[in-house]
Amino acid sequence: MGTADYVNAKTDAGCLANNVQDETDRLLWGYQQATSTGRKLYLPSGSYKHTAPLHLLNAHIVGDDPGGAFYSVLRPYNCRAFSSVNEQHSTVSNLMIWPQGDTPPDCYIYVNHCYSHVFRDVRIHLAVGQPVCTVATVFIDGQAGPNNNLIFENLISRSDGSYYPASVKLAPNCGTVQFITPDFETAGYGFVWNGGKITVQSPYTERMSGSSLKAQVDVSDTAPMFSVHGGMLSANHSGMPIQIYANAKNLTMHGTFLKSDLGQYEGFFYSADSGQNVSFHGCAMNLAKWNRRPVVFG
């Protein structure tokens, strides 16, 4: 990547990246310069404190990530890291999001009625003693309209301290979202699925105090879908891999390992029926740990 291809947050925008000074204005200037000229905003190694969320309109924001070390760190202070509403065509890659402050936001990545966003190699990390977000690390909303072509590839959500309420919350009618090799650790729930058409490839979860997947679809979403392919879902002693509530429909798992040795249940139906088109294909399961037998193939 030649210097003409990007705006350097340090040498061009004047960011100090020392986690002391508020870099909001400098980051905004660099962002505007990059997007207005079709270039990338490059964040060299460092820790960038900001007090207002970054937006994603025709943006490409990239950090240093040699060997997955996450050297470029966004430090949102009492705010979201990214908040994107009615925006499109953006990529965020090779970044650590390490929240700070004493008044946490609802989430760290918020997307609502957006098109063609890619988050690749992004790690959300909470330190010991840091107040936790109030809703989820990632919140995909549908209030302004459905999203389309949202891709999260190698999204890591991890805490060394308090449990997140959820790693990902998916609102009713939130649109189409793909998660590729997500890694969710230390949360009440991995996915809270209230709606949308969601595809998950090779997930990994651990230390979920509630469940890895809470399937609780809102009745306002008449055509939801949640499909998991491969991977492993596990939880704490207090939790379970899967919880299925009323109105769950078009929920399928294919070749997924459900690890339930720590808890009493592997899956639990919270309604009198077993949902519509809810089935498991070639999955490694312990059916004795379900309160009612699910539909299983293979």
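What you see below is based on every heavy atom in this structure, not just the backbone, and it leaves out hydrogens, waters and symmetry mates.
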Is the shortest side-chain heavy-atom distance between [X] and [Y] below 4.5 Å?
{"X": "Phe70", "Y": "Ile156", "value": "yes"}
{"X": "Leu126", "Y": "Ile124", "value": "no"}
{"X": "Cys174", "Y": "Ile198", "value": "yes"}
{"X": "Leu43", "Y": "Leu74", "value": "yes"}
{"X": "Ser159", "Y": "His125", "value": "no"}
{"X": "Met232", "Y": "Leu258", "value": "no"}
{"X": "Thr35", "Y": "Leu41", "value": "no"}
{"X": "Leu233", "Y": "Pro203", "value": "yes"}

Return the minimal non-hydrogen interatomic distance between [X] and [Y], and the atom names on each side.
{"X": "Ala171", "Y": "Gly142", "answer": "CB-N, 4.0 Å"}
{"X": "Ser162", "Y": "Gln130", "answer": "OG-O, 4.3 Å"}
{"X": "Ala235", "Y": "Pro241", "answer": "CB-N, 4.2 Å"}
{"X": "Cys283", "Y": "Thr256", "answer": "CB-O, 3.2 Å"}
{"X": "Ser167", "Y": "Ser157", "answer": "OG-OG, 3.8 Å"}
{"X": "Glu23", "Y": "Cys15", "answer": "OE1-CA, 3.5 Å"}

Could you state the interatomic distance from [atom1] ([X]) to [atom2] ([Y]), rounded to the nearest 0.5 Å?
{"X": "Asn58", "Y": "Ser116", "atom1": "CG", "atom2": "OG", "result": "9.5 Å"}
{"X": "Ser90", "Y": "His60", "atom1": "OG", "atom2": "NE2", "result": "9.5 Å"}
{"X": "Tyr108", "Y": "Thr137", "atom1": "OH", "atom2": "OG1", "result": "8.0 Å"}
{"X": "Ile109", "Y": "Phe139", "atom1": "CD1", "atom2": "CZ", "result": "13.5 Å"}
{"X": "Tyr31", "Y": "Ser36", "atom1": "OH", "atom2": "OG", "result": "10.5 Å"}
{"X": "Leu56", "Y": "Cys114", "atom1": "CG", "atom2": "SG", "result": "7.5 Å"}

Between [X] and [Y], a side-chain donor and acceptor under 3.5 Å:
{"X": "Ser279", "Y": "Thr252", "result": "no"}
{"X": "Ser260", "Y": "Asn286", "result": "no"}
{"X": "Tyr42", "Y": "Asp64", "result": "yes"}
{"X": "Tyr163", "Y": "Asn236", "result": "yes"}
{"X": "Ser84", "Y": "His117", "result": "yes"}
{"X": "Ser212", "Y": "Thr205", "result": "yes"}
{"X": "His113", "Y": "Asn86", "result": "yes"}

Please identify each residue that fulfils ring-ring contact (aromatic ring centres under 6.0 Å, His included) with His55, with sequence neighbours left out. none

Ring center gap for His50 and Tyr77 short of 6.0 angstrom: no

Can you list every pair that meets salt bridge (charged side-chain N to carboxylate O under 4.0 Å, His left out) and has a residue in residues 115-137, with sequence neighbours left out? Arg120-Glu153

Going by salt bridge (charged side-chain N to carboxylate O under 4.0 Å, His left out), name the pairs with one or both residues in residues 200-221, residues two or more places apart or in two chains. Glu185-Arg207

Report yes or no: does [X] contribute a side-chain atom to a donor-acceptor pair with the main-chain N or O of [Y] at less than 3.5 Å?
{"X": "Asp141", "Y": "Ala144", "answer": "no"}
{"X": "Lys259", "Y": "Glu266", "answer": "no"}
{"X": "Asn291", "Y": "Phe269", "answer": "yes"}
{"X": "Asn112", "Y": "Val85", "answer": "no"}

cation_pi(Lys40, Tyr6) dist<6.0 Å, angle<=45: no

Would Arg80 count as a cation-pi partner of Tyr110, with NZ or CZ less than 6.0 Å from the six-membered ring centre and within 45° of the ring normal? yes

Kindly determine whether Phe191 and Phe226 satisfy ring pair (Phe, Tyr, Trp, His ring centres under 6.0 Å), including the steps that lead there. CA-CA 10 Å; Phe191 292 97; Phe226 199 102; 5.5 Å; yes

Does atom CG of Asp25 have more than 12 heavy-atom neighbours from other groups under 6.0 Å away? no

Check the surroundings of atom OH in Tyr71: do more than 12 heavy atoms from other residues, nucleotides or ligands lie under 6.0 Å from it? no

Linking I/L/V/M/F/W/Y whenever their side-chain heavy atoms sit closer than 4.5 Å, directly or via other members, would [X] and [Y] fall into one cluster?
{"X": "Val138", "Y": "Val177", "result": "yes"}
{"X": "Val168", "Y": "Ile242", "result": "yes"}
{"X": "Met240", "Y": "Trp193", "result": "no"}
{"X": "Ile244", "Y": "Val296", "result": "yes"}
{"X": "Val295", "Y": "Leu287", "result": "no"}

Please evaluate residues Asn147 and Thr176 with respect to the criterion side-chain contact (heavy atoms from CB on, under 4.5 Å), reporting the C-alpha separation (whole Å), side-chain torsions for both, the decisive distance (0.1 Å), and the verdict. CA-CA 6 Å; Asn147 302 276; Thr176 60; over 6 Å; no

Tell me whether the rings of [X] and [Y] are parallel (<30°), tilted (30 to 60°) or perpendicular (>60°).
{"X": "His229", "Y": "His254", "value": "parallel"}
{"X": "Phe152", "Y": "Phe179", "value": "parallel"}
{"X": "Phe268", "Y": "Tyr265", "value": "perpendicular"}

Between side-chain atoms of residues 97-105 and protein atoms elsewhere (two or more places apart, or another chain), which donor-acceptor pairs fall under 3.5 Å?
unit_1 : atom_1 : unit_2 : atom_2 : d
Gln100 : NE2    : Asn19  : OD1    : 3.0
Gln100 : NE2    : Arg75  : O      : 3.4
Asp102 : OD1    : Asn78  : ND2    : 3.4

Could you pull out all residues at least two apart from Asp273 that satisfy side-chain contact (heavy atoms from CB on, under 4.5 Å)? Ser271

After noting the C-alpha distance and the side-chain angles of Gln178 and Gln201, does the key distance pass the side-chain contact (heavy atoms from CB on, under 4.5 Å) rule? CA-CA 8 Å; Gln178 292 189 59; Gln201 300 180 37; 3.8 Å; yes

Test side chain to side chain contact (heavy atoms under 4.5 Å, CB included) applied to Phe82 and Ile61, Val122, Val111, the passing residue: Ile61

Determine, step by step, whether Tyr245 and Gln243 satisfy the side-chain contact (heavy atoms from CB on, under 4.5 Å) criterion, reporting the C-alpha distance in whole Å, the side-chain angles of both residues, the deciding distance to 0.1 Å, and the verdict. CA-CA 7 Å; Tyr245 290 78; Gln243 295 174 309; 3.8 Å; yes

Residue set satisfying side chain to side chain donor-acceptor pair (under 3.5 Å) with Gln276, at least two apart, ordered chain then number -> none

